[in-house]
Protein chains: 2
Amino acid sequence: MTRPADGRPGETAFLAGYRPAGYPAFAVAADLAVLTIRDGLLSVLLVRRGDHPFAGYLALPGGFVRTGESAEQAAARELAEETGAAFTGHLEQLRTYSDPDRDPRMRVVSIAFVALAPRLAEPRPGGDAADARWWPVTDLGFDHRSGRRPAGAAELAFDHAKVLGDALERVRSKLEYTTLAASFVGEPFTLADLRRVYGAVWGSVPDLPNFRRKVLSTEGFIVEQGRSDAAAGPAGGRPPLLYRRGPAALLHPPMLRPAAR
Amino acid sequence: MTRPADGRPGETAFLAGYRPAGYPAFAVAADLAVLTIRDGLLSVLLVRRGDHPFAGYLALPGGFVRTGESAEQAAARELAEETGAAFTGHLEQLRTYSDPDRDPRMRVVSIAFVALAPRLAEPRPGGDAADARWWPVTDLGFDHRSGRRPAGAAELAFDHAKVLGDALERVRSKLEYTTLAASFVGEPFTLADLRRVYGAVWGSVPDLPNFRRKVLSTEGFIVEQGRSDAAAGPAGGRPPLLYRRGPAALLHPPMLRPAAR
DNA sequence: TCAATAGTGTCTGTCAGACAGTATGTG
DNA sequence: CACATACTGTCTGACAGACACTATTGA
């Protein structure tokens with residue numbers, strides 16, 4: 001992106017003599033809303049904080065951005081530390097939270113990320129987290145509509161309740177116009193698996209025939225992978241066709257969530 | 001958002017003894033992509049940099065976030081400084097750019113914003129900007145589709161070409177599912193004015209009868225304000241009805257840009 | 001044969017694309 | 001009157017909602 005300063009006359013000399021001055025110093029954190037579907041419930045990975053501030057509170061995993069790495073790299077690093085393996089799912093920037101008093105210790109700007117993953121192994125504790133585990137977002141007081149929470153819901157540390165609310169709304173709306181739902185299921189998956197993702201995220205499952213028609217008619221959303229050999233349900237039933245994620249990223253036209261209409 | 005530490009046992013004492021240590025210090029900037037429609041062209045406010053680094057290059061206006069203010073407050077302050085008056089249009093966070101070498105002086109994280117405004121008075125120079133003026137984005141090599149630019153287009157300072165490309169894509173897509181287009185026109189406006197906004201942002205004007213039907217049938221998008229008394233065009237013609245922005249923020253279902261289908 | 005899960009066909013209403021037509025102003 | 005701009009009516013096809021139906025498995 002940025003060309004070397006040598007291409008710009010006089011700049012190298014300027015930089016050699018440059019001393020930063022007069023700008024307030026900030027710590028910069030990368031915080032993660034890691035979402036997955038567990039037992040049909042949209043769930044988020046939270047850590048129980050062991051140290052002040054907000055000792056004992058639930059918090060989004062995260063950490064400070066280091067010298068020499070971007071916020072995206074920091075987020076990927078945190079994610080790998082938290083889950084114990086290189087992360088291969090979907091990771092995107094959400095937004096940045098910069099209220100002056102959002103951290104009582106000092107001035108910290110938090111660049112928040114959303115990560116979507118198929119059901120992962122149980123997380124292992126890392127950093128200053130006393131423990132880390134999955135929480136169904138409904139257990140935290142988040143509904144499927146607004147992302148706002150009733151008074152009395154479990155309090156999260158810092159402004160993480162707002163961050164998580166924004167993350168949920170981002171995901172709910174991205175299911176409408178992208179193929180992101182497929183990031184929530186392990187491969188290969190069935191159409192019923194994929195439909196359950198929409199049910200968990202939106203709070204209501206789309207009508208099955210219409211859902212099939214939409215997904216199958218969207219070129220490149222999913223790719224058929226053959227029929228499972230011997231994978232009928234526990235109580236019998238026709239074995240489903242299996243699919244993998246396709247190359248398409250966008251849905252045109254979008255699939256609007258039921259309540260929105 | 002954050003409750004006072006007094007509600008959390010032991011934290012006040014912890015904070016009294018706390019000394020920040022071990023975290024890299026960053027400068028945090030708020031940079032602005034201020035967009036408007038001028039002479040039917042989507043245009044962005046750019047400053048010509050007077051000082052190193054990138055002396056002589058075009059850049060997005062912006063500045064460092066100060067102690068005690070959020071990035072949003074910093075953006076609003078910069079905007080007011082740049083335009084010479086309190087800003088009343090639409091201002092939203094775009095995303096944060098944090099590549100380690102995006103600024104050759106030091107580590108600077110840039111929180112970028114998009115501002116939309118009706119045609120403003122000519123900007124007045126401020127800060128380290130040698131001068132500030134409006135540039136049609138097509139003159140900068142941005143097309144109406146991808147936001148990516150051909151090699152050889154006028155170079156912008158830092159990573160601002162990427163920021164501006166992201167801003168343009170944000171606006172193009174937000175016109176689809178929000179009523180944001182009305183932020184680009186001064187009140188009162190005509191339906192033809194509003195339609196020209198879509199034309200300028202998308203690169204092709206929507207079909208007029210269909211556009212009218214969509215806009216007028218979306219409750220709360222615009223509010224009729226009576227007919228202009230004596231405002232026929234220079235060559236005559238029927239005087240148009242006048243409108244103001246309505247309370248609705250979202251379009252359901254969305255109005256998709258022509259090329260997308 | 002039954003229960004259970006997978007998958008299909010089809011009617012209907014809504015809405016966007018296309019475009020021909022009407023209304024109301026100025027010179 | 002011509003002309004320019006504003007505005008309306010309507011046909012059509014694409015597609016989503018709703019829901020009744022068929023298919024294939026295990027017990």
Side-chain angles (χ1 to χ4, degrees), chain A residues 40 175-177 181 185 188-199 202-219 221-222 224-243 248 250-261, chain B residues 40 175-177 181 185 188-199 202 204-219 221-222 224-243 250-261:
Chain A
L175 285 208
E176 294 192 320
Y177 63 94
V185 288
F189 52 86
T190 70
L191 273 172
D193 293 334
L194 189 60
R195 179 166 165 255
R196 271 188 288 273
V197 171
Y198 286 86
W202 285 347
S204 64
V205 284
D207 176 86
L208 176 57
N210 300 335
F211 177 77
R212 294 179 54 83
R213 181 176 55 195
K214 179 70 181 178
V215 171
L216 294 174
S217 72
T218 299
E219 183 140 11
F221 190 167
I222 58 176
E224 193 178 316
Q225 202 66 19
R227 192 175 297 276
S228 96
D229 286 343
R238 182 177 180 174
L241 282 170
L242 298 177
Y243 298 87
L250 294 174
L251 247 49
H252 269 290
M255 170 162 39
L256 300 182
R257 46 195 141 163
R261 311 212 86 172
Chain B
L175 285 209
E176 294 193 319
Y177 62 93
V185 288
F189 53 85
T190 69
L191 274 171
D193 292 334
L194 189 60
R195 179 166 165 254
R196 271 188 287 271
V197 171
Y198 286 86
W202 284 347
S204 64
V205 283
D207 176 85
L208 176 56
N210 300 334
F211 177 76
R212 295 179 54 84
R213 179 176 56 197
K214 178 71 180 177
V215 171
L216 294 175
S217 72
T218 300
E219 185 140 9
F221 190 166
I222 58 176
E224 194 179 317
Q225 203 66 17
R227 192 174 297 276
S228 98
D229 287 342
R238 183 178 180 175
L241 281 171
L242 299 177
Y243 298 88
L250 293 174
L251 247 48
H252 268 290
M255 168 162 41
L256 301 182
R257 47 196 138 161
R261 312 212 83 172

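Since the structure is predicted, the reported quantities are computational estimates derived from the model, not experimental observations. Because only heavy atoms are used, hydrogens play no part in the values below, and waters and symmetry mates are left out as well, while side chains stay in.
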Closest to side chain of Leu241(A), choosing from dA6(D), dT8(D), dG7(C): dG7(C)

Euclidean distance, atom CG of residue Leu191(B) to atom P of dC7(D) [Å, nearest integer]: 7 Å

Please state how far atom CG in Leu216(B) lies from atom C1' in dA16(C), giving the value in whole angstrom units. 15 Å

Which atom of Val205(B) lies closest to which atom of Arg195(B), heavy atoms considered: CG2-NH2, 3.8 Å

Lys214(B) versus Pro254(B), closest heavy-atom pair with distance: NZ-O, 3.9 Å

Grab the N/O contacts between the protein and nucleotides 18-24 of chain D below 3.5 Å, and write none if there aren't any.
unit_1	atom_1	unit_2	atom_2	d
dA18(D)	N7	Asn210(A)	OD1	3.3
dA18(D)	N7	Asn210(A)	ND2	3.0
dA18(D)	N6	Asn210(A)	OD1	3.0
dT24(D)	O2	Arg238(A)	N	3.3

Can you sort out the partners of Asp207(B) under side chain to side chain donor-acceptor pair (under 3.5 Å), two or more places apart, ordered by chain and number? Asn210(B)

Using whole Å, what does the distance between atom C1' of nucleotide dA6(C) and atom CG of Leu194(A) come to? 15 Å

Is Lys214(B) close enough to dA16(C) that one of its side-chain N or O atoms is under 4.0 Å from OP1 or OP2 there? yes

Considering residues at least two apart in sequence or located in another chain, which fulfil the ring pair (Phe, Tyr, Trp, His ring centres under 6.0 Å) criterion with Tyr177(B)? none

Quantify the bending of the helix from dT1(C)-dA27(D) to dG27(C)-dC1(D) as the angle between its end axes, each fitted on five pairs, to 10°. 10°

Find the distance Met255(B):CE to dG17(C):P and express it as a whole number of Å. 10 Å

Please give, in whole Å, the distance from dA6(D) C1' to Leu242(B) CG? 12 Å

May I have the distance from His252(B) (atom NE2) to dC15(D) (atom P), rounded to whole angstrom? 20 Å

Smallest separation among heavy atoms of Pro240(A) and Thr190(A), with atom names: CG-CG2, 3.4 Å

List for me each residue that meets side chain to side chain donor-acceptor pair (under 3.5 Å) alongside Thr218(B), sequence neighbours excluded, and say none if there are none. none

Do Glu224(A) and Tyr243(A) have side chains that get closer than 4.5 Å, going by heavy atoms? yes

Atom-pair distance (CZ on Arg212(B); P on dG17(C)), nearest Å: 16 Å

For Phe211(A) and dG17(D), give me the distance from atom CZ to atom P, rounded to whole Å. 12 Å

Nearest heavy-atom pair of Leu251(A) and Leu175(A): which atoms, and what distance? CD2-O, 4.3 Å

Measure from the side chain of Pro240(A), starting at C-beta and using heavy atoms only, and say which of dC15(D), dG7(C), dA16(C) lies closest. dG7(C)

By ring pair (Phe, Tyr, Trp, His ring centres under 6.0 Å), Tyr198(A) pairs with (sequence neighbours left out) Trp202(A), Phe211(A)

